[in-house]
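What you see below is based on every heavy atom in this structure, not just the backbone, and it leaves out hydrogens, waters and symmetry mates. Not measured: the values here are computed from a predicted model.
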Amino acid sequence: QVQLVESGGGLVQNGGSLRLSCAASGRTNSRYGMGWFRQAPGKEREFVAAISWRDHNTRYADSVKGRFSISRDDAKNTVYLQMNSLNPEDTAVYYCAADSYGSGYPRSSDYEHWGQGTQVTVSS
């Protein structure tokens, strides 16, 4: 089992930046692909970004390409989501997830482990 704890959320103005972190503990020697998903009020959870284990291949939702960047530091068992040029449509609870296949695909069903989420609010 692996436990995931997100941090770094908060309130930011339109056009601002935030960096989310996701710290993994427990069975962290496994080769996990890592993903970020988000859920806005009244909407389905959606894919944001993911990074594979082996080659750190990254994938992004079209809505965040060029603005968000996912990275990982395996020595620290931490994955990051740098979010720039934020707008009110980015307001959501952001969840970190781990995929034991290591692939880092955009499908939420591939991820077995989830964090509790961190709120990101972008004011207009």
Please lay out, stage by stage, how Ser63 and Arg38 fare under the test side chain to side chain contact (heavy atoms under 4.5 Å, CB included).
CA-CA 12 Å; Ser63 59; Arg38 67 187 182 186; 3.5 Å; yes
Apart from Tyr95 itself, what residues make up its hydrophobic cluster, given side-chain heavy atom links below 4.5 Å?
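When side chains under 4.5 Å apart are linked, the cluster holding Tyr95 also contains Phe37, Phe47, Val93, Tyr111, Trp114.
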Could you list all the ring pair (Phe, Tyr, Trp, His ring centres under 6.0 Å) pairs where at least one residue sits in residues 66-94, not counting sequence neighbours?
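Found none.
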Looking at side-chain heavy atoms only, is the closest gap between Ser17 and Met83 below 4.5 Å?
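Contact flag for Ser17/Met83 side chains = no.
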Between Thr121 and Gln119, is there a side-chain donor-acceptor contact under 3.5 Å, judged purely by atom types and distance?
yes
Looking only at atom types and distance, does a side-chain atom of Ser52 sit under 3.5 Å from a main-chain N or O of Asn57, one as donor and one as acceptor?
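Pair found, side chain donor or acceptor close to backbone of Asn57.
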Asp99 side chain vs Gly104 backbone, donor-acceptor pair below 3.5 Å:
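Yes; at least one donor-acceptor contact below 3.5 Å.
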Can you sort out the partners of Asp62 under side-chain hydrogen bond (donor to acceptor under 3.5 Å, both in side chains), two or more places apart, ordered by chain and number?
Lys65
Give the C-alpha distance, both sets of side-chain angles, the deciding distance and a yes or no for side chain to side chain donor-acceptor pair (under 3.5 Å) between Glu112 and Ser100.
CA-CA 7 Å; Glu112 302 97 329; Ser100 63; 2.4 Å; yes
Check step by step if side chain to side chain contact (heavy atoms under 4.5 Å, CB included) holds for His113 and Tyr32.
CA-CA 10 Å; His113 308 287; Tyr32 291 102; 3.8 Å; yes
Could you go through Leu20 and Val120, starting from their C-alpha distance and side-chain angles, then the distance that decides it, and tell me whether this counts as side chain to side chain contact (heavy atoms under 4.5 Å, CB included)?
CA-CA 9 Å; Leu20 304 183; Val120 171; 4.0 Å; yes
Check step by step if side chain to side chain contact (heavy atoms under 4.5 Å, CB included) holds for Leu11 and Ser123.
CA-CA 7 Å; Leu11 175 64; Ser123 62; 4.3 Å; yes
Stepwise, does the salt bridge (Lys or Arg N to Asp or Glu O under 4.0 Å) test hold for Asp74 with Lys76?
CA-CA 5 Å; Asp74 291 333; Lys76 295 182 179 180; over 6 Å; no
Find out if a path of hydrophobic residues (ILVMFWY) with successive side-chain heavy-atom gaps under 4.5 Å connects Tyr105 to Met34.
no
